[in-house]
Structure formats: structure tokens, C-alpha cells
Amino acid sequence: MSFIKQLGLASRLPATVARPLLAPQQRLMASYATETPATPFTQPVQSFLRKFDTNEPLSIIELERSVFGAPIRRDILQRVVVWQRDNMRQGTQSTKGRADVRGTGKKGAQQKGRGKARVGSMRAPHFRGGGIAFGPKPRDHSTDLPNKVQLMGLRVALSAKYAQDQLVVVDSLQALKTPKTKELKRILDTAHADNSSILIMSNELDMKLEMAAGNLPRCGVLGLDEINVLSLLKFDKLIIEKEALDELETFLKN
Amino acid sequence: MLAQFAKLSLQRTTLRANTASVQSIRLLSGNGNIVPPSQPINLGHLADNPGAVTERLRLGRGPGYGKGKTAGRGHKGQKARSGNGPPRPWFEGGQTPLVKRMPKRGFVNQHAKKYQPVNLERLQHWIQEGRLDTTSITMADLLDSRCIHKIEDGVKLLADGAEEFNVPVHIEVSRASQKAIQAIEKAGGSVTCRYYNALGLRVVTRPEKWGYRSLPKFAEPVKVKDKEWYSDPKNRGYLADPAAIEAAKAEAKAL
């Protein structure tokens with residue numbers, strides 16, 4: 001309540017002293033920004049829009065800063081990757097304990113009088129041919145990760161791609177006319193001659209692309225609904241269609 | 001078109017003395033504060049923050065670890081044996097324990113009501129800070145403004161700070177002490193004491209839980225003692241005769 005009174009006072013001060021009435025946050029941002037004006041809205045980041053077959057820049061486009069310019073959080077990436085890989089585990093390793101190993105449950109030797117250690121089951125863990133103590137059994141290794149952390153992981157991974165110049169936005173993937181592996185290989189060798197591994201993302205199911213990329217080890221294809229942090233980090237470069245990028249931004253921006 | 005990009009690359013070289021061709025427009029965008037990380041971000045360079053995970057304690061795994069051999073149990077005795085330990089927390093080795101040497105006394109009234117106290121001093125402080133509206137204060141307002149932190153069976157108005165109380169308020173609570181009633185009326189306000197059961201309190205504090213449905217009716221007091229209390233004009237009960245309440249107010253003013 002007290003700062004309202006201060007704002008009211010400002011309008012009565014002489015013009016040399018009075019400043020425009022800004023909200024406290026705007027006043028704070030104005031003191032830090034030197035070139036760009038203080039606005040309550042974040043500035044977009046810029047990227048080239050390129051041709052798919054030659055990687056030649058066509059124009060400059062603007063991207064959401066909250067999706068592609070987010071602060072880099074390595075710990076979030078680590079958590080998401082570990083969670084993804086845990087969920088991928090088959091979990092079928094199995095061992096036989098002393099109850100599972102074939103053999104009788106009879107007492108192996110008399111309790112007393114032998115002058116040797118007492119013996120119960122001959123399949124106990126300390127015996128040759130015995131069972132494994134606390135060995136692995138088939139189980140589910142999957143864990144839960146909060147939804148918000150999963151989404152943040154995607155934003156951080158995309159921002160990491162942008163910050164490391166690994167994001168390539170293409171106008172369309174129509175340059176691939178046939179489902180031939182030879183043609184896709186030719187396109188990738190001309191456009192990205194540095195032998196980097198490429199992840200191609202589009203929002204429509206394209207059989208030509210899937211078939212052409214199927215046997216290429218350096219190239220992976222994902223639909224937008226399959227986007228995940230592990231794939232983004234596994235491949236060096238991300239090639240994404242402009243349409244898919246717009247959809248991704250609406251989904252991820254906050 | 002290529003000319004404008006040549007110009008951009010020229011800009012970049014003058015800013016950063018880097019002869020590499022422009023691979024991205026990243027450095028020129030926004031405030032130029034998106035820089036590539038010093039360590040690359042790929043699957044080979046991921047780690048959680050230091051201190052995020054701690055090693056678990058593994059007892060009996062060698063002297064270097066600090067918890068080898070006796071594994072933190074000392075030597076022999078009942079506590080060192082597996083599956084053993086003190087039988088019960090108050091056990092004194094067989095001697096009659098303190099909890100048994102003391103006599104039992106009394107009983108606990110299961111039907112007792114726990115009213116949250118609100119003193120006049122606190123009420124006045126909240127009003128002067130602007131956290132409460134003086135025109136009408138209900139128990140829901142007291143809870144939302146954090147004057148009280150929970151309502152168990154209701155709110156009782158008490159008179160700590162009655163001498164300095166000078167704000168006219170119109171307040172509705174479960175109970176009020178006589179001194180509190182006098183102080184509030186002296187300041188020009190009014191007190192109403194209303195009976196609420198658990199459902200009634202829920203309706204008052206969380207009406208949004210009923211959504212589109214109509215709110216339930218408030219119940220009347222069930223016990224005879226409660227009916228008598230809320231019918232007494234001295235207590236400013238809501239069941240009392242309004243004329244009797246006016247008479248009681250006038251009587252208090254005259255004193």
C-alpha cells in the first residue's frame with residue numbers, strides 16, 4: 001500500500017524530477033538494459049532458415065527464447081536421460097537362489113560329531129554349486145519423473161542444440177523425392193560434409209524419409225510426437241522442418 | 001541475398017576477431033548473451049549437481065571405510081546381537097519404569113470443542129495493516145488473512161488488548177468472551193455468535209468445493225447446552241431475541 005502513495009507523489013513533482021510512472025519491475029529492468037528497451041516480454045532468438053539439400057541460408061527466422069534460449073541445466077538433462085534409459089531397460093536378468101537351484105533340501109551331514117563345520121542345505125550360497133545370494137531377479141526398472149521436469153528437459157536440450165550451433169531449421173524436406181538411400185546420402189554429404197550424425201524431425205509421417213534413412217547409421221528420423229532428450233543428445237545435429245518447429249514451440253513455450 | 005550475409009559476417013569479424021565463416025546467427029541475436037557452453041553438451045558430459053546424491057552407508061566392508069568389523073556396534077552385549085535391542089523405549093531393565101510409577105488421573109473428553117483464540121490486539125493489528133475489512137468479518141476472512149492458521153471447531157474472540165481497542169468492527173465468530181463483547185461494542189462495533197458444526201465450517205471456509213451445487217443449510221445446535229448458550233442475549237447469540245440483545249447492549253453502555 002505504501003508504494004501506491006509514492007507513485008501518487010511522483011505526479012506532483014516538477015517535470016525535471018518526475019519520471020514516467022512505471023511498474024516496479026519495469027523500473028528494475030530499465031536500470032539493467034542498456035541497448036534494448038525494458039519490456040515485460042522476452043526478446044526472440046534468431047536462426048537461419050536453410051534449404052535442406054544444400055544447407056544454404058534462405059532467410060532469418062525468430063524463435064521463442066523460452067524454448068531455444070533457455071538457461072542450460074546439465075543436471076536436468078542428466079536426470080531426464082537417466083530416467084529415459086531406466087525405462088528402456090528390459091529387466092530380464094535372473095539368477096537362481098538357494099531355493100531355485102536343483103537339489104534336495106535334506107540336511108547335508110549330521111549336526112555334531114564330525115569335527116567339521118555344521119551343514120544345512122547343500123545348495124546354500126557358500127557351497128560349490130549353491131545358489132546365488134541376493135542375485136538379480138526379473139524386475140521393472142522404470143521410474144517416474146515429474147511432467148514439468150520432462151518438459152524442461154526438452155527445452156534445455158533444444159537450447160543446448162541452438163547454443164552449440166547444432167540446430168538446422170529447413171523450410172521443407174521435399175528435396176528428397178524418392179525413398180532411395182543413395183539420394184539421402186548424397187543430400188547429407190553435400191549439405192553436411194563434416195560427417196556429423198543427424199536427427200531429422202518432421203511433423204508428418206514421411207515413408208520416403210523413413211525408408212531412405214533406415215540403413216544410414218549416421219541418420220535418424222523422428223516424428224514430432226516421438227521427441228525425446230536422449231535422441232536429441234545422441235545425434236550431433238538436429239534438422240527440423242519449419243512447420244514442425246512452430247508446432248513444437250506452441251507446445252513447449254510457457 | 002548473399003551480400004547481406006557477407007555484411008553480417010563482416011560485423012561478426014569486427015566484434016570478435018574470428019575469421020571463421022558465419023555458421024549461425026546466434027551471437028547477433030537478442031542481447032548476444034547466448035554463448036556456446038565451455039564444456040560440450042552431449043551424452044558424454046552429463047552430470048547431476050554436486051551434492052545431489054550421497055553414497056549410502058555400507059556397514060562391515062573393511063577398515064578403510066570406517067564402519068568395518070563391528071560395523072558401529074561396539075563389542076558384544078545385547079545391542080551387538082542381530083535382531084536384538086532395547087525391548088521398549090521406557091524399559092528400565094526390570095525396575096518399575098517411571099511411566100508405571102505415576103498414577104493415572106482423569107479422563108479425556110472426546111466431545112470437547114477446540115476453539116481457535118483471537119485476541120483483540122491481534123484483530124486490531126490486522127485491521128490497521130489493511131489485511132481485514134472492518135465492515136464484516138467472518139471466520140473465513142480470519143483464516144484467509146492468516147489471522148488464524150486453522151479452524152478446528154470454530155473461533156473464540158478473547159480480550160487481550162481490550163483497553164487499546166478502538167476500531168468499529170462487525171464480526172461473526174463461534175464464541176466470544178464477555179470482556180471482548182464489551183470492548184467491541186464500546187468501540188462502536190457488533191459481535192454475533194453463531195453455531196457451526198463441521199459441515200457448516202466447511203461451507204463457510206471452502207464454498208468453492210460445492211461448485212455449481214447449492215450450498216447446504218446450516219444446522220441448528222443439537223445439544224441443550226449449546227441451544228441455551230446461543231439463545232442467551234448476554235452472549236450475543238444468533239438465536240437470541242433481537243430486542244433482548246438491544247436491551248443487553250444498552251445495559252452495558254450504561255455501566
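Letters go in sequence order (proteins before strands), and every chain restarts at 1. These numbers were taken from a predicted model, which means no experiment stands behind them.
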Given a strict heavy-atom distance threshold of 4.5 Å, which part of A:I72 is in contact with chain B: side chain, backbone, both, or neither?
side chain

Would you mind checking which part of A:R74 comes under 4.5 Å of any heavy atom in chain B, side chain (CB onward), backbone (N, CA, C, O), both or neither?
both

For [X], is the [atom1] atom crowded, meaning more than 12 foreign heavy atoms sit under 6.0 Å from it?
{"X": "A:K137", "atom1": "NZ", "result": "yes"}
{"X": "A:L151", "atom1": "CG", "result": "yes"}
{"X": "A:R85", "atom1": "CZ", "result": "no"}
{"X": "A:D144", "atom1": "CG", "result": "no"}
{"X": "A:Q84", "atom1": "CD", "result": "yes"}
{"X": "A:E243", "atom1": "CD", "result": "no"}
{"X": "A:F251", "atom1": "CZ", "result": "no"}
{"X": "B:K249", "atom1": "NZ", "result": "yes"}

Proximity of residues 220-236 of chain A to chain B, residues having a non-hydrogen atom under 4.5 angstrom
A:L230, A:L233, A:K234

Please answer whether the main-chain N or O of B:P40 pairs with a side-chain N or O of A:Q164 as donor and acceptor at a distance below 3.5 Å.
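It does not hold such a pair.
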
Please find the pair of heavy atoms, one from B:I34 and one from A:A163, that lie closest to each other, and give the distance.
CG2-CB, 4.1 Å

The residue among B:N42, B:L46, B:L43 that forms side-chain contact (heavy atoms from CB on, under 4.5 Å) with A:L77 is B:L46

In terms of heavy-atom pairs under 4.5 Å with chain A, which of B:A52, B:G44, B:A47 leads?
B:A47

